[in-house]
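Below: one structure, written as structure tokens.
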Amino acid sequence: MNYPFSLTPLPYAPESLEPSIDKETMNIHHGKHVQTYVDNLNNALKDHADYHSWSLEKLLYNLKSLPEAIQPAIRNNGGGVFNHDLFFSILTKGGSALKAGSPLSAAIEKKFGSLENLQAELKQAGLTQFGSGWAWLVSDKDGNLSVAKTPNQDTLIEQNLTPIINLDVWEHAYYLLRQNRRPEYIDNFFNVVNWEAAEANYAKHKETDYSKA
């Protein structure tokens with residue numbers, strides 16, 4: 001995907017994640033917040049035709065080589081599009097189970113000991129991200145997993161890490177239903193994680209090279 005960027009449709013109905021994530025939040029989060037990121041990203045690139053053929057990943061990986069005047073807009077809005085596209089893609093109605101014995105399951109057991117331990121680390125990362133941001137499960141090219149967190153709409157693209165799942169802890173992701181109860185939101189997030197999609201993301205770790213995007 002390159003300029004002009006467009007809003008990626010949800011792969012499910014906005015009400016399908018209830019009661020974990022409510023329909024109104026999904027409609028506003030996806031249809032308004034992310035649409036604004038898309039619009040602002042396109043506006044930032046409008047007068048920079050040299051970058052119209054660049055993918056979103058290429059723009060974010062090469063952020064520091066872009067004209068200084070548009071770097072903040074690409075970081076914030078391009079990052080917002082990238083992060084949310086992943087976030088919405090790893091959710092599904094009722095969640096899906098992590099397949100026992102799968103490559104991702106084995107990697108989780110090796111690194112964290114159990115899925116429950118991984119979820120505890122992700123929750124802690126989400127709770128300790130001050131203000132707005134994200135918690136991540138990522139892999140390096142050797143398949144080694146780690147939990148990370150980033151502020152605002154920053155990504156881990158410059159580190160060439162493969163994102164497996166990400167947890168949005170911006171207040172717009174949960175405030176309508178959960179108000180300031182971020183721990184409750186995170187617990188409910190795990191109820192709708194699509195581990196089949198996470199498996200597919202993990203399968204890409206050997207090929208991940210955003211410098212060639």
Side-chain angles (χ1 to χ4, degrees), residues 1-17 21-91 126 129-136 138 148-177 182 185 189 197 201 204 208-213:
M1 182 169 62
N2 52 21
Y3 179 90
F5 295 92
S6 58
L7 181 67
T8 302
L10 287 173
Y12 39 74
E15 65 273 15
S16 64
L17 303 183
I21 302 176
D22 60 294
K23 177 181 178 180
E24 186 176 8
T25 292
M26 290 298 295
N27 280 330
I28 295 172
H29 194 178
H30 176 262
K32 296 185 182 296
H33 282 283
V34 186
Q35 183 66 64
T36 298
Y37 292 135
V38 170
D39 293 343
N40 289 342
L41 175 61
N42 285 331
N43 286 336
L45 291 168
K46 180 176 58 177
D47 298 325
H48 297 271
D50 289 348
Y51 304 104
H52 286 183
S53 64
W54 285 29
S55 68
L56 181 56
E57 291 82 0
K58 185 173 182 178
L59 288 164
L60 292 168
Y61 183 84
N62 295 283
L63 183 65
K64 294 175 183 175
S65 72
L66 300 178
E68 192 171 336
I70 66 170
Q71 287 183 25
I74 303 303
R75 176 188 296 108
N76 295 332
N77 296 288
V81 173
F82 178 87
N83 292 344
H84 282 93
D85 279 356
L86 178 71
F87 176 70
F88 291 127
S89 77
I90 55 91
L91 302 177
Q129 172 54 49
F130 183 76
S132 301
W134 299 80
W136 301 81
V138 295
K149 56 184 178 180
T150 54
N152 302 315
Q153 296 297 355
D154 289 1
T155 73
L156 295 166
I157 282 181
E158 290 183 20
Q159 299 180 40
N160 256 333
L161 295 170
T162 302
I164 311 302
I165 64 173
N166 61 345
L167 165 63
D168 189 345
V169 293
W170 282 65
E171 288 186 344
H172 66 232
Y174 61 89
Y175 213 82
L176 287 178
L177 184 63
R182 187 184 287 190
Y185 157 69
F189 162 82
N201 292 336
K204 303 171 187 174
T208 297
D209 187 355
Y210 291 117
S211 68
K212 298 178 180 178

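From a predicted model like this one, the values you see are computed outputs, not experimental measurements. The basis for the numbers below is simple: all heavy atoms, side chains too, and nothing from hydrogens, waters or symmetry mates.
Although no hydrogens or angles enter the test, the distance criterion places no donor-acceptor pair under 3.5 Å between the side chain of W134 and the main chain of N83. A distance-only check finds a donor-acceptor pair linking the side chain of D168 to the backbone of W170 [under 3.5 Å]. Looking at D22, its side chain does come within 3.5 Å of a backbone N or O of T25 through a donor-acceptor pair. A distance-only check finds no donor-acceptor pair linking the side chain of W136 to the backbone of L167 [under 3.5 Å]. At distances below 3.5 Å, not a single donor-acceptor pair connects side-chain atoms of N201 with backbone N or O atoms of I165.
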key: Pair I21-L177, side-chain contact (heavy atoms from CB on, under 4.5 Å): steps then yes or no   = CA-CA 8 Å; I21 302 176; L177 184 63; over 6 Å; no
task = Apply side-chain contact (heavy atoms from CB on, under 4.5 Å) to the pair Y210 and N62, showing each step before the final yes or no.
result = CA-CA 9 Å; Y210 291 117; N62 295 283; over 6 Å; no
task = Step by step, work out the side-chain hydrogen bond (donor to acceptor under 3.5 Å, both in side chains) result for N2 and S55.
result = CA-CA 5 Å; N2 52 21; S55 68; over 6 Å; no
Intermediate values then yes/no, side-chain contact (heavy atoms from CB on, under 4.5 Å), K212 and Y61 = CA-CA 9 Å; K212 298 178 180 178; Y61 183 84; over 6 Å; no
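The side-chain heavy atoms of L59 and F5, taken from C-beta on, include a pair separated by under 4.5 Å. Using a 4.5 Å heavy-atom threshold, the side chains of D85 and M1 count as touching. Taking 4.5 Å as the limit, some side-chain heavy atom of T150 sits within range of a side-chain heavy atom of L156. Looking at heavy atoms from C-beta onward, E171 lies out of side-chain contact with S132 at the 4.5 angstrom threshold. No side-chain heavy atom of L60 sits less than 4.5 Å from a side-chain heavy atom of E158.
One finds the CE atom of M26 at 7.0 Å from the OG atom of S16 (value rounded to the nearest 0.5 Å). Put simply, CG on L63 and CD1 on I157 are 10.0 Å apart, with the number rounded to the nearest 0.5 Å. Rounding to the nearest 0.5 angstrom, the gap separating the OG atom in S89 from the CG atom in L10 is 10.5 Å. We find the CG-OG1 distance between L86 and T8 to be 11.5 Å, quoted to the nearest 0.5 Å. Between atom CG of residue N166 and atom CZ of residue F82 there is a gap of 8.0 Å, rounded to the nearest 0.5 Å.
A centroid separation of less than 6.0 Å is found between the aromatic rings of Y185 and Y174. H84 has its ring centre less than 6.0 Å from the ring centre of H172.
In terms of heavy atoms, P163 sits closest to V138 at CA-CG1, 4.0 Å. In plain terms, the two heavy atoms of L7 and V34 that are nearest each other are CD1-CG1, 3.6 Å.
A donor-acceptor contact closer than 3.5 angstrom links the side chains of Y37 and Q153.
Note on ring orientation: taking the six-membered ring where Trp is involved, the planes of H30 and F88 are perpendicular (angle over 60°, cut-offs 30° and 60°).
Other residues, nucleotides and ligands contribute only 12 or fewer heavy atoms inside 6.0 Å of the CD atom of E24.
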Just list the side-chain donor-acceptor pairs under 3.5 Å for residues 68-77, sequence neighbours left out, or say none.
residue, atom, partner, partner atom, Å
Q71, NE2, K64, O, 3.4
Q71, NE2, L66, O, 2.9
N76, ND2, P72, O, 3.1
N77, OD1, N40, ND2, 3.4
N77, ND2, A73, O, 3.1

Kindly list each side-chain donor-acceptor pair under 3.5 angstrom involving residues 43-53, sequence neighbours excluded, with atom names and distances?
residue, atom, partner, partner atom, Å
N43, ND2, D39, O, 3.3
H52, NE2, L45, O, 2.7

